[in-house]
Amino acid sequence: MQSKVYFTSDTHFGDHRVLNIGKRPFASVSAMDEELVKRWNSRVRAADEVWHLGDFALAKTARRSSRS
């Protein structure tokens, strides 16, 4: 399968402030983060390239995760 290139921004992982700014439909930050990761992993494959253009996460909340 051919690799793909994706562009994204403003995921705001771990940032409680965005629940009110953008009217995101989540009851909590952890629910938002879980859904964003679920959707990301359903689309992006290990060979794909992702360019994240900004506002990735609230400081000190992002952590590296390995995929199986």
Side-chain angles (χ1 to χ4, degrees):
M1 177 179 269
Q2 183 177 353
S3 63
K4 296 181 180 181
V5 177
Y6 293 97
F7 294 88
T8 190
S9 69
D10 301 298
T11 49
H12 292 277
F13 289 105
D15 193 345
H16 65 89
R17 300 170 298 174
V18 299
L19 294 178
N20 297 323
I21 294 171
K23 297 182 182 177
R24 292 187 179 189
F26 304 104
S28 67
V29 172
S30 60
M32 175 182 73
D33 289 352
E34 186 176 320
E35 185 63 22
L36 288 172
V37 169
K38 177 182 163 189
R39 290 182 186 196
W40 182 295
N41 289 340
S42 75
R43 175 70 60 173
V44 180
R45 302 292 171 217
D48 294 339
E49 182 176 346
V50 178
W51 289 68
H52 200 292
L53 304 178
D55 294 338
F56 175 74
L58 187 63
K60 299 183 183 181
T61 62
R63 64 182 168 83
R64 184 178 204 123
S65 176
S66 61
R67 290 172 64 179
S68 303

Who passes ring pair (Phe, Tyr, Trp, His ring centres under 6.0 Å) against His52, sequence neighbours left out?
Phe56
Closest non-hydrogen atom pair, Ala47 against Ser3
O-CB, 3.1 Å
Closest non-hydrogen atom pair, Arg43 against Asp48
O-OD2, 3.9 Å
Note: Trp51 and Val5 closest approach over all heavy atoms is CD1-CG1, 3.9 Å
I need the Glu49 CD to Phe7 CZ distance, nearest 0.5 Å.
7.5 Å
Tell me which one of Arg17, His16, His12 satisfies side-chain contact (heavy atoms from CB on, under 4.5 Å) with Val29.
His16
Distance from Asp55 atom CG to Thr11 atom OG1, nearest 0.5 Å?
8.0 Å
Short side-chain to backbone donor-acceptor contact, Asp33 and Phe13, under 3.5 Å:
no
Salt bridge check, Glu35 against Arg39: does any charged N sit closer than 4.0 Å to a carboxylate O?
yes
